[in-house]
Amino acid sequence: MVTKNILFTEKVYTVVKKIPKGKVATYGQIARLAGNPRAARAVGMCMKNNPYAPVVPCHRVVAQNGVLTGYSGKGGIRGKQKLLKAEGVYFLKNNKIHMKQSGWNQ
DNA sequence: AAACTGACTTCTC
DNA sequence: GGAGAAGCCAGTT
């Protein structure tokens with residue numbers, strides 16, 4: 001049976017939780033894994049609500065160009081970047097992530 | 001049920 | 001490469 005037992009958001013959370021440490025995934029990437037390659041915006045909204053804040057490492061989710069967007073958590077973009085750096089994510093001088101290296105190869 | 005919003009992506013100039 | 005505009009999706013009001 002193909003019943004959608006889990007919501008799109010639930011799928012998103014599941015995918016985000018699968019992101020390995022030291023790597024980052026883009027909203028489009030997550031959306032694609034969640035089943036809708038164009039639901040990048042929806043993914044961001046789910047993170048904003050983020051009922052699974054401590055469960056979903058939303059700080060590992062970045063834009064396609066490698067820029068840290070959003071993150072209503074403590075520290076904002078600043079704290080998010082710091083967290084990623086602490087995990088081993090390589091940042092460029094433009095405060096952008098080196099997707100070629102730290103991008104989630106999925 | 002309809003309209004608005006938003007942590008995106010892609011196209012074009 | 002940078003800036004602006006349009007399109008798309010799910011959730012919330």
(request) Please assess A/Val43 against A/Phe8 for the test side-chain contact (heavy atoms from CB on, under 4.5 Å), listing each intermediate value before the final yes or no. (result) CA-CA 9 Å; A/Val43 175; A/Phe8 177 79; 4.1 Å; yes

I'd like a list of close polar pairs between nucleotides 6-8 of chain B and the protein, N/O only, cut-off under 3.5 Å.
residue: B/dA7; atom: O4'; partner: A/Gly70; partner atom: N; Å: 3.3
residue: B/dA7; atom: N7; partner: A/Lys48; partner atom: N; Å: 3.4
residue: B/dA7; atom: N6; partner: A/Met47; partner atom: O; Å: 3.1
residue: B/dA7; atom: N3; partner: A/Tyr27; partner atom: OH; Å: 2.5
residue: B/dC8; atom: N3; partner: A/Arg41; partner atom: NE; Å: 3.4
residue: B/dC8; atom: N4; partner: A/Arg41; partner atom: NE; Å: 3.4
residue: B/dC8; atom: N4; partner: A/Arg41; partner atom: NH1; Å: 3.3
residue: B/dC8; atom: N4; partner: A/Arg41; partner atom: NH2; Å: 2.8

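C/dA10 atom P lies 10 Å from atom CG of A/Leu7, rounded to whole Å. We find that CZ of A/Arg38 is positioned 13 Å from C1' of C/dA6, with the value rounded to whole Å.
Judged by distance alone, with hydrogens and angles left aside, the side-chain atoms of A/Tyr71 form no donor-acceptor pair with the main-chain N or O of A/Gly79 at under 3.5 Å. Of the possible donor and acceptor atoms, none in the side chain of A/Lys21 sits under 3.5 Å from a partner among the backbone N and O of A/Gly88. Of the possible donor and acceptor atoms, none in the side chain of A/Ser102 sits under 3.5 Å from a partner among the backbone N and O of A/Val24.
Residues satisfying the ring-ring contact (aromatic ring centres under 6.0 Å, His included) test with A/Tyr27, not counting sequence neighbours, are none.
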